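Quick caveat: nothing in here was measured; it's all calculated off a predicted structure.
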Amino acid sequence: MSKTTVKFEYEKETKNSVRYQEVPEEGKAPIMGTLYVQKWFAGSSKTLEITLEKKD
């Protein structure tokens, strides 16, 4: 098992959601790219972090 934390920054609001863009670690390619989160959950957050756990 391996865990990775992916960071996202606010990009823009759409009709019902907020769009976040991944901030990749320096020298690495993005893992997820763009993330859409419903407005009721995102609120006014300018950054999000998601922890991914890979299970073999």
Side-chain angles (χ1 to χ4, degrees):
M1 289 189 283
S2 109
K3 288 185 180 181
T4 302
T5 299
V6 183
K7 297 179 182 182
F8 294 86
E9 289 184 346
Y10 174 87
E11 189 172 13
K12 71 176 189 174
E13 285 190 27
T14 62
K15 183 178 179 183
N16 295 314
S17 60
V18 181
R19 182 168 142 172
Y20 293 87
Q21 187 64 40
E22 181 178 348
V23 180
E25 293 181 32
E26 192 169 324
K28 293 188 177 182
I31 295 171
M32 297 179 68
T34 302
L35 177 70
Y36 287 86
V37 178
Q38 296 300 301
K39 284 183 179 178
W40 67 264
F41 182 82
S44 60
S45 296
K46 297 298 180 192
T47 60
L48 293 177
E49 288 187 3
I50 295 179
T51 301
L52 298 171
E53 184 175 349
K54 190 166 56 169
K55 297 186 179 187
D56 297 322

(Q) Between Glu11 and Tyr20, does the side chain to side chain contact (heavy atoms under 4.5 Å, CB included) criterion hold? Intermediate values first, please. (A) CA-CA 5 Å; Glu11 189 172 13; Tyr20 293 87; 5.9 Å; no
Q: List in chain and number order the residues that pass side-chain hydrogen bond (donor to acceptor under 3.5 Å, both in side chains) with Ser17, two or more places apart in sequence or in another chain; answer none if no residue qualifies.
A: Thr14
Q) With sequence neighbours left out, what residues match Lys7 under side-chain hydrogen bond (donor to acceptor under 3.5 Å, both in side chains)? A) none
Q) Should Leu52 and Val23 be counted in the same cluster of Ile, Leu, Val, Met, Phe, Trp and Tyr side chains packed under 4.5 Å apart? A) no
Q. Which pairs, with at least one residue in residues 33-49 and sequence neighbours excluded, count as a salt bridge (Lys or Arg N to Asp or Glu O under 4.0 Å)?
A. Glu13-Lys39
Mind listing the side-chain donor-acceptor pairs of residues 27-37 below 3.5 Å, one per line with the distance, residues two or more places apart or on another chain?
unit_1, atom_1, unit_2, atom_2, d
Thr34, OG1, Gln21, OE1, 3.1
Tyr36, OH, Arg19, NH1, 3.3

**Q.** Partners meeting side-chain contact (heavy atoms from CB on, under 4.5 Å) with Glu53 (sequence neighbours left out)
**A.** Met1, Lys3, Lys55
Q: Quick one: do Tyr10 and Thr47 satisfy side chain to side chain contact (heavy atoms under 4.5 Å, CB included)? Show the steps, please.
A: CA-CA 6 Å; Tyr10 174 87; Thr47 60; over 6 Å; no
